Amino acid sequence: MKYRITKAIRKQVDRTNEMEHSAPLFLTSSFCFDNAEEMRAAFADESDDNIYSRFSNPNVQEFIDRICLLEGAEAGFATASGMSAVFASFMALLKNGDHLLSCNAIFGSTHTVITKYLPKYGIEYSYFPVDKPEEWEALIRPNTKMIYVETPTNPGLEIIDLERISALAKKHNIILNVDNCFATPVCQQPINFGADLVVHSATKWLDGQGRVLGGVVVGRKDLIKEIFLFCRSTGPSLSPFNAWILSKSVETLEVRMERHASNALFLAEKLEGHQKINWVKYPFLSSHPQHAVAKKQMSDGGGIVCFEVKGGVEAGRKFLDSLQILSLTANLGDTRSIASHPGSTTHAKLTEAERQTVGITPGLIRISVGLENREDILDDILQALNQI
Ligand SMILES: Cc1ncc(COP(=O)(O)O)c(C=O)c1O
């Protein structure tokens, strides 16, 4: 097998005596041993035998192996949600006195972890502006241990040059940790550009059907070992059932993402220049400020399109109320298209100034473009725009 997608699709837990084709569900909390010696060896890390599903489980391992193949990673660990993957990657690798440098446009809960919880453990943080790469290096401190980036960012779709940030991380011997949730490994492989770790909210495109929560972190073996040891004791493990769902979803990830991305590009192109819209943002639109970087590191533009309706918060709310097909829900990365208005929902708790800094303007609308017929998605958006 030459191709990583084929390898990821074909990778599967060993077939049982039942000769099943699809992987069975190993819904078990613990695993048995034939004798005391085997049990001792497993506990002494002298064998890879499963012990307990908080540590490892065949379904969870299959999901991890598939993501490692897609991302080109040495090892991984899967968690109960994207946030537990992010949190574990911080807590396992940072200690009192260390400094975390993160891009300023990040997912809201990650911002909360960084600003509210890391300082409780004596871990310092600062943010770098995603749109001013010339300022990044000056923000590195002698105690900077990790650089954390999201690209594309949620919800503003800023693109960070992975090659540039990883060169800085390497120069200063800092771990580069990339949240690859928006791009998915089908479209972007941060490890190829020098990332040490990649985290995912598997809840989004990896599941792709809005069913289960999950997270995964993959990357350098020595770093994953620390994350595994942290998680094995603290318990944010992925349930075997969710792993079974997520692992199956990996088999259709590439075809789904191709359709999400082509629908998204179609929408972005059709909406650009609309009289009720100030601007449209999509990584593969030539008007995107970091279009060249997006083209360098992504194979398509992903499934999210953002635009700003004229008329601010009220127009944004009116737009959502006028939609007839698209769902109003907090998730993204579903087969069904979703619209959200960050200014009045996910980012409502930020001050106006904080929202402006990360590009969340009052009329910003985020569309997670689904797999419906693209004309139907467009028609729904156009008729809703007509109502404002
Ligand atoms: C970019 C990004 N990272 C992390 C998360 C957190 O994932 P989860 O909701 O699975 O904990 C999200 C959730 O929306 C996200 O969009």
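Atoms within a ligand are numbered from 1 in the order they appear, just like the ligands themselves. FYI, side chains are in, hydrogens and waters are out, and symmetry mates aren't considered; it's all heavy atoms of this structure. This one's a predicted model, so the numbers in the text were calculated from it and none came from an experiment. Each residue takes its place number in the sequence, starting with 1.
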Which atoms from ligand 1 have a heavy atom of Glu150 less than 4.0 Å away? 1 (C)
Go through Phe307 and His274 one step at a time and tell me if the ring-ring contact (aromatic ring centres under 6.0 Å, His included) criterion holds. CA-CA 10 Å; Phe307 53 85; His274 189 284; 8.7 Å; no
Numbered in order shown, the ligand 1 atoms found under 4.0 Å of a heavy atom of Thr203 are 8 (P), 10 (O)
For atom 16 (O) of ligand 1, what is the closest protein heavy atom, and at what distance to 0.1 Å? Asn154 ND2, 2.9 Å
Quick one about Arg211 and Ser249 (side-chain donor to acceptor, distance below 3.5 Å, no hydrogens or angles considered), yes or no? yes
Is Asn35 atom CG crowded by more than 12 heavy atoms from other residues, nucleotides or ligands, each under 6.0 Å away? yes
Which heavy atom of the protein is the closest neighbour of atom 3 (N) of ligand 1, given with residue, atom name and distance? Asp179 OD2, 2.7 Å
How about Asn386: does its CG atom have over 12 heavy atoms from other parts shown lying under 6.0 Å from it? yes
Run the numbers for me: atoms of ligand 1, each under 4.0 Å from some heavy atom of Met83, listed by number. 6 (C), 7 (O), 8 (P), 11 (O)
Honestly, is Lys204 close enough over Phe182, meaning NZ or CZ under 6.0 Å from the six-membered ring centre and within 45° of the axis? no
Indicate yes or no: does an N/O atom of Gly82 lie under 3.5 Å from an N/O atom of ligand 1? yes
Return the residue, atom name and 0.1 Å-rounded distance of the protein heavy atom closest to atom 14 (O) of ligand 1. Lys204 CE, 2.9 Å
Surrounding NZ of Lys310 (heavy atoms of other residues, nucleotides or ligands, distance under 6.0 Å), is the total greater than 12? yes
Of Phe182, Trp205, Phe87, Phe107, which has the heavy atom at the shortest distance from atom 5 (C) of ligand 1? Phe107
